[in-house]
Amino acid sequence: MKGQDGSATLWWDAGAGCLCYIEQTLLPNEFVVIGCRDTGRLATAIRRLEIRGAPALGVAGAYGVALAAMTSAATSREQFLDDVRTGAELLRSTRPTAINLAWGIDRVLAVVGKTENMDQARKLALDEAETIRREDTACCHAIGHYGAELLPESCTVLTHCNAGALACSSWGTALGVIRSAVKAGKQVRVIACETRPLLQGARLTAWELARDGIDVTVITDSMAAQFMRKGAIDAVIVGADRITCDAVFNKIGTYMHAVCAKHHGIPFYVAAPLSTFDGKSRELDVVIEERGREEITTMGNRIFVPDAAAVKNPAFDATPMDLVSAIITEKGVLRPPPDIPSLLTCTNTK
Ligand code: MRU
């Protein structure tokens, strides 16, 4: 999705010396690419969801640490490391639920600490961020490959939020599966739930699929159960922000689709890279981001909720593993249990 050609969502512009990304809050009305030169601006972009989606946050966090290294004017190594760590912690504090953000930050932090030479550390940091971006794209294509095999030759797939190219460096996880299936010649129609309150499904999923010529229909979140009941959905595929051994964390509303899918005997698939797995935590350890009241109460300039009413706005929910038919990763398809608990043990490096 680089520029207008669809090849990247965020990338390093070596000539300009900045991180470029598609500003997602403006889609689908405006296509704007932002050039970001410092960690503070990047932290704001992540908080505002200009960059969003777990794998994209991992890549952004990685570039953010590289930016902190590049912009540090420190003259001593001690001060340099302090600057980089301060930038890293600012980025880490922006969004707590998607584990990929901390994962990308920590990978670059680790290489910065490997050398005494500050210029060398800056170069290593940027190289590592570039590697993370390239790996993410490769993961998405591998997920797409494995996931496409699960879909019938002709099917309608329901998805929630945006787990597409915009949520990754490119291609996507859940939408990567759909793209790969279409590329393999399958007839895939997509039902995109609008995803209240920030409409990532209506604004972003519908935008990127329509742009690729993939059949997409937007429904409100509350229509999904009835569509399943009427036999209009063959599979549900969503992404994930974090996977513990007992639950999948994803955009609020995912759990309700999983419950409905189970009730109607529809497979519920999660597509996510191994960088989304958290082998250290269980469901109750995970912090669910609570976002601002205004995301629920206002649309444009209009207020829809009286001031006296309280509002809750958790950005994510947890879907217990027994509702998940399979998790599609870059290494293959895992069916819980026992695949997922054993894999989590293997990948737990913390
Ligand atoms: O709040 P957002 O838009 O960052 O939430 C994104 C999601 O919930 C996605 O489904 C998830 O990050 C997976 S993206 C491949």
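Ligands are counted one by one from 1 in listed order, and the atoms in each one are counted from 1 as well.
For Pro55, every heavy-atom contact with ligand 1 shorter than 4.0 Å involves the side chain, none the backbone. Residue contacts with ligand 1 for Lys251 involve both N, CA, C or O and side-chain atoms from C-beta outward (heavy atoms, distance under 4.0 Å). Counting heavy atoms closer than 4.0 Å to ligand 1, residue Leu57 contributes nothing at all. Contacts of Arg95 with ligand 1, taken as heavy-atom pairs under 4.0 Å, involve the side chain alone.
The minimum heavy-atom distance linking Ile288 with Ala315 is given by the pair CG2-N, 4.3 Å. Shown here for Arg179 and Ala165, the closest heavy-atom pair between the two residues is NH1-N, 3.7 Å.
Among all protein heavy atoms, the one lying closest to atom 8 (O) of ligand 1 is Asp241 OD1, 2.9 Å.
For ligand 1 and Ala163, the ligand atoms under 4.0 Å from any heavy atom of the residue are 14 (S), 15 (C). Near Ala54, the atoms of ligand 1 lying under 4.0 angstrom from a non-hydrogen atom of the residue are 12 (O), 14 (S).
Taking distance alone, with nitrogen or oxygen atoms compared against 3.5 Å, Leu49 stays at or beyond that limit from ligand 1. Polar contact check, Thr173 against ligand 1: no nitrogen or oxygen pair lies under 3.5 Å apart.
Distances from ligand 1 to the non-hydrogen atoms of Thr195 include no value under 4.0 Å. Put simply, no part of Ala98 is less than 4.0 Å from ligand 1, judged by heavy atoms.
Looking only at atom types and distance, the side chain of Asp38 has no donor-acceptor partner in the side chain of Thr71 under 3.5 Å away.
Under the 4.0 Å criterion applied to side-chain N and carboxylate O atoms, Arg242 and Asp278 are assigned as salt-bridge partners. A salt bridge is defined here as a Lys NZ or Arg NE, NH1 or NH2 lying under 4.0 Å from an Asp or Glu carboxylate O, and Arg92 with Asp106 meets this definition.
Between His257 and His160, the two ring planes are perpendicular [angle over 60°; tilted spans 30° to 60°].
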